[in-house]
Amino acid sequence: MAKPILVANWKNQPGSLAEARALLTQLSRNSKIYKKLSLFIAPPLPYLELVSRYSRNFARLASQDIPSEFQGTQTGEIAPDILKSFGTRLSIIGHSERRAVGETNELVSRKIKVALRSNITPLVSVGEKTPDTDGEHFEFLRQQLKASLAGLTRQAVSRVAIAYEPAWAIGKTAKGAMVPIDLSESVMFIKKILADMFGRRVAERVPILYGGSVEPSNAFALAHETGIKGFLVGHSSLDHKSFKAIAESLISK
Ligand code: PEP
């Protein structure tokens, strides 16, 4: 069976190269544990080289975004070929923090195609903006998935991974951590949409990760019997002890 997937989204942290190096040194002490997973680290871009050097033994590189054009001069963008040259294997696409500053489903759809063309796994982030108790978020999820994955062939979509990340659950610290109580329902719903669009066999092949305030205290419950294949972890990935505990919860699956 494929290994569980764990993606560390460092966002715009740690605050300095020295701190990033210190975190990597701490992570590398638990490399035996991380080797039991498919671990990806998505650092701020200036740390790519450092991360690829320090984590070669236990993790692969990821990016937090990818351009929407494959080629052409684009000031401020990082070409997929450059990402590839550092060893980037996966790109988070459509994170709610990017959608909040104007990223549309149409842009997400273009970025997925650029990633696939570059042989980088697109990890497509979807999720409703506000907590919902009467099931309205299912319609929101349906639209996001349909528009983001529009135009992909079955073969292409079987190289995609999905991160279910309700925006309302992201970035809460241990005390205020809020996670969905019905995660398995959302995972099942995502699988159903994928099956409607691409057939059941393809839908079964697409790994679904969960992201949003994953902490050592909730990781075990979120990982078990919910249908997820892994986690996308933000703030807890910056604390080596928390991150190790989350990794262990996934391994015990
Ligand atoms: C994220 O931003 O992808 C994320 C999951 O953040 P956090 O774990 O901090 O909620």
Side-chain angles (χ1 to χ4, degrees), residues 4-15 19-20 23 27 34 37-45 47 51 59-66 88-103 108 111-112 115 120-131 137 141 144-145 148 160-181 183 186-187 190 207-223 226 228-250:
I5 303 167
L6 181 58
V7 182
N9 178 9
W10 284 5
K11 308 194 186 198
N12 51 350
Q13 297 195 56
E19 287 171 78
L23 175 58
L27 291 174
Y34 295 128
L37 301 156
S38 288
L39 172 63
F40 296 86
I41 301 176
L45 291 170
Y47 301 162
V51 175
R60 284 173 281 179
L61 261 188
S63 65
Q64 299 173 16
D65 194 18
I66 198 163
T88 300
R89 303 280 291 274
L90 176 143
S91 282
I92 302 168
I93 298 179
H95 191 281
S96 61
E97 288 162 4
R98 302 214 61 83
R99 293 183 189 263
V101 292
E103 184 148 301
V108 169
K111 290 183 175 188
I112 294 171
I120 292 175
T121 300
L123 176 60
V124 184
S125 179
V126 295
E128 70 279 7
K129 291 182 191 147
T130 48
H137 71 289
L141 272 179
Q144 248 187 359
L145 282 162
S148 303
V160 168
I162 303 287
Y164 172 55
E165 293 204 292
W168 54 265
I170 288 183
K172 312 284 186 304
T173 52
K175 272 190 198 155
M178 275 168 69
V179 294
I181 40 169
L183 178 57
S186 298
V187 173
I190 292 170
I208 301 174
L209 277 53
Y210 170 75
S213 295
V214 179
E215 303 273 346
S217 58
N218 59 27
F220 189 89
L222 290 166
T226 52
I228 60 137
K229 289 279 191 293
F231 290 133
L232 173 52
V233 180
H235 66 273
S236 297
S237 68
L238 296 161
D239 178 305
H240 70 102
K241 287 190 187 145
S242 298
F243 197 58
K244 174 178 170 242
I246 291 169
E248 285 170 333
S249 298
L250 273 181

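Note that ligands are numbered from 1 as they come in the structure, with each ligand's atoms numbered from 1 the same way. Counting from 1, the numbers follow the sequence of the chain as shown.
When the shell of 6.0 Å around CZ of R89 is examined, it contains 12 or fewer heavy atoms from other residues, nucleotides or ligands. Counting heavy-atom neighbours within 6.0 Å of K244 NZ, excluding the residue itself, gives a total of 12 or less.
Given atom 8 (O) of ligand 1, the protein heavy atom at minimum distance is G234 N, 2.8 Å. Among all non-hydrogen protein atoms, the one lying nearest atom 1 (C) of ligand 1 is H95 NE2, 3.1 Å. Scanning the protein for heavy atoms near atom 2 (O) of ligand 1, the closest one is K11 NZ, 2.6 Å. With respect to atom 9 (O) of ligand 1, the closest heavy atom belonging to the protein is H235 ND1, 2.6 Å. Among protein heavy atoms, the minimum distance from atom 3 (O) of ligand 1 is reached at E165 OE2, 2.7 Å.
Residue G171 approaches ligand 1 through these ligand atoms, each under 4.0 Å from one of its heavy atoms: 7 (P), 9 (O), 10 (O). Less than 4.0 angstrom separates some heavy atom of N9 from each of these atoms of ligand 1: 1 (C), 2 (O), 3 (O).
Checked against a 3.5 angstrom limit, the closest N/O atoms of S213 and ligand 1 fall inside it.
Scanning all heavy atoms of the two residues, the minimum distance from S125 to R99 falls at O-NH2, 2.9 Å. Closest approach of P122 to I93, counting heavy atoms only: CB-CD1, 3.8 Å.
Expressed to the nearest 0.5 Å, how far CG of D65 lies from NE2 of H95 amounts to 10.5 Å.
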**Message:** If you apply the rule side-chain hydrogen bond (donor to acceptor under 3.5 Å, both in side chains), what do you find for H235 with E215, and how did you get there?
**Reply:** CA-CA 9 Å; H235 66 273; E215 303 273 346; 2.7 Å; yes
